[in-house]
Amino acid sequence: MIAFMRMCLLAWGSRGDVQPLVALGRGLRSAGYDVTVAASPGFTPMITAAGLEVDPFPDQSALMQTPHGKRWREGSSRGGREQIQLWRAVLKDLTPGIADHVAELVGRHDAFVSGVITFGAMLSVARATGEQHIAASLTPSAATRSGRATVLAVHPDTESVLNLAAGWGAQVGAYLMMRPMAAAVGARLGLPRQTVRDFSRDSRRTSTLLAVSPHVVPRARDLPDRVVTTGYWIDPLDPDYSPPADLESFLQAGPAPVYLGFGSMPSAQPDALFDLMTTAVRRAGRRGLIYGNWDGWRPDHLPDDVLIVDAVPHEWLFPRTAAVVHHGGAGTTATAVRAGVP
């Protein structure tokens, strides 16, 4: 290990993209590295609280208010193909600001760790400059025959060449999504336009930290040594944390509730979604905690056996619930598993 190596973690995205990399950064800092996290300005308090330096990316919240951003955020009523097209349009809107910022980072750090959105951009940087680049993956998506070791499996319970083919097909899809940003960064650094073959080759050469538990996702026999399974990246709970008074009172007033939350995912019809969740809780004979992250939306009437909560540390909350109903985000999944509840 090189003491005080300057590491830059590119954590552009939503809270689910940023928080695990902050936890990783805290671990790197304790190991003797100088760590900077590049993320949107709204995450600065989280990053500085972890004792890490901040390099603010362009603010993503304004871009979510563009026509493409608004249509994408209404995505629950749209088909998968249109969602992909809209996300590509959003990424195109984001490209100039992110590409400028990534190009400016060159030469200021000894190594970079990229999240999924900036992965293609950093492939261009590494190819053009020789900068050290490590990928951070929060979900098991490498091409493999093992259906148990990837979220992309055609046959989830067996080993199959079709699983491997699906993994390579997903890589082509990733290239198409990331191509505009990678090309923009490459152009700023004088790099010729990359092909899908270049992307695939560079991806296979990039060391990858896979932030999943091997007890949950067994390591596939055909994964290369460059993919290292590390376990989940989760910050310890602040021992001085105190929950909001209304939440503490609700938990003490009856049996453990079911938690229902979908992270940063938008909802085109929050009233209908709220009605669906409260009906489900009632039919199950349970009380409910609902994370209502829908642009400040609140219902006209709140049943006595349901409480809407804002952001609460999942490490504290989930062990106090009867079950967790969630969107499958990497961090939420990890914390729910660690809590030991359904």
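Given the structure is predicted, the values throughout are model-derived calculations rather than measurements. Heads up: numbering here begins at 1 and tracks the sequence.
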Do [X] side-chain atoms and [Y] backbone N/O form a donor-acceptor pair below 3.5 Å?
{"X": "Asn163", "Y": "Arg145", "answer": "yes"}
{"X": "Thr279", "Y": "Asp275", "answer": "yes"}
{"X": "Thr48", "Y": "Pro45", "answer": "yes"}
{"X": "Ser200", "Y": "Val196", "answer": "no"}
{"X": "Ser30", "Y": "Gly27", "answer": "yes"}
{"X": "Arg219", "Y": "Pro214", "answer": "no"}

Listed by chain and number, what are the ring pair (Phe, Tyr, Trp, His ring centres under 6.0 Å) partners of [X], not counting sequence neighbours?
{"X": "His326", "result": "none"}
{"X": "Tyr259", "result": "His314, Phe318"}
{"X": "Phe250", "result": "none"}

Is any side-chain heavy atom of [Y] closer than 4.5 Å to one of [X]?
{"X": "Val324", "Y": "Thr335", "result": "no"}
{"X": "Met178", "Y": "Gln194", "result": "no"}
{"X": "Thr278", "Y": "Ile290", "result": "yes"}
{"X": "Gln19", "Y": "Phe43", "result": "no"}
{"X": "Arg108", "Y": "Asp55", "result": "yes"}
{"X": "Leu273", "Y": "Phe262", "result": "yes"}
{"X": "Tyr33", "Y": "Asp110", "result": "no"}
{"X": "Asp34", "Y": "Glu53", "result": "no"}

For [X], what residues pass the side-chain hydrogen bond (donor to acceptor under 3.5 Å, both in side chains) criterion, not counting sequence neighbours?
{"X": "Asp222", "answer": "Thr144"}
{"X": "Arg188", "answer": "Asp100"}
{"X": "Thr230", "answer": "Trp233"}
{"X": "Arg26", "answer": "Asp235"}

Over 12 non-hydrogen atoms of neighbours within 6.0 angstrom of CD in Glu131: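 Enclosed.
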
More than 12 heavy atoms from other groups under 6.0 Å of CZ on Arg29: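 12 or below, so no.
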
Whether Phe119 and His133 hold their rings parallel, tilted or perpendicular, with breakpoints at 30° and 60°: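 Correct class here is tilted.
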
Which atom pair, heavy atoms only, marks the closest approach of [X] to [Y]?
{"X": "Phe274", "Y": "Val306", "result": "CE1-CG1, 4.4 Å"}
{"X": "Pro140", "Y": "Ala149", "result": "CB-O, 3.4 Å"}
{"X": "Val341", "Y": "Thr321", "result": "CG1-O, 3.5 Å"}
{"X": "Arg286", "Y": "Val281", "result": "O-CG1, 2.7 Å"}
{"X": "Thr139", "Y": "Ser137", "result": "O-OG, 2.7 Å"}
{"X": "Ala322", "Y": "Pro342", "result": "O-CD, 3.3 Å"}

From [atom1] ([X]) to [atom2] ([Y]), nearest 0.5 Å:
{"X": "Thr129", "Y": "Phe112", "atom1": "OG1", "atom2": "CZ", "value": "7.5 Å"}
{"X": "Leu209", "Y": "Leu138", "atom1": "CG", "atom2": "CG", "value": "10.5 Å"}
{"X": "Asp305", "Y": "Leu289", "atom1": "CG", "atom2": "CG", "value": "11.0 Å"}
{"X": "Arg201", "Y": "Leu123", "atom1": "CZ", "atom2": "CG", "value": "10.0 Å"}
{"X": "Leu21", "Y": "Met46", "atom1": "CG", "atom2": "CE", "value": "10.5 Å"}
{"X": "Met122", "Y": "Ile134", "atom1": "CE", "atom2": "CD1", "value": "10.0 Å"}

Other cluster members, Tyr232 - Ile/Leu/Val/Met/Phe/Trp/Tyr, side-chain contacts below 4.5 Å: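 For the cluster that includes Tyr232, the remaining residues are Leu210, Val212, Val216, Val217, Leu223, Val227, Ile234, Val337.
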
Under 4.5 Å side-chain linkage, directly or through intermediates, the cluster mates of Trp168: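 Hydrophobic cluster check, Trp168: joined to Leu164.
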
Member of Asp202, Asp198, Val185, Leu189 meeting the side chain to side chain contact (heavy atoms under 4.5 Å, CB included) criterion with Ser124: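 Filter result, single survivor: Val185.
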
Salt bridge (Lys or Arg N to Asp or Glu O under 4.0 Å) involving Arg204 - partner list, sequence neighbours excluded: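 For Arg204 there are no salt bridge (Lys or Arg N to Asp or Glu O under 4.0 Å) partners, ignoring immediate neighbours.
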
All salt bridge (Lys or Arg N to Asp or Glu O under 4.0 Å) counterparts of Arg282, not counting sequence neighbours: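 In terms of salt bridge (Lys or Arg N to Asp or Glu O under 4.0 Å), with neighbours along the sequence ignored, Arg282 is linked to no residue.
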
Throw together a table of side-chain donor-acceptor distances under 3.5 angstrom for residues 152-159, partners on residues two or more places apart or in other chains.
{"unit_1": "Glu159", "atom_1": "OE1", "unit_2": "Arg221", "atom_2": "NH2", "d": "3.0"}
{"unit_1": "Glu159", "atom_1": "OE2", "unit_2": "Arg221", "atom_2": "NE", "d": "3.4"}
{"unit_1": "Glu159", "atom_1": "OE2", "unit_2": "Arg221", "atom_2": "NH2", "d": "3.1"}

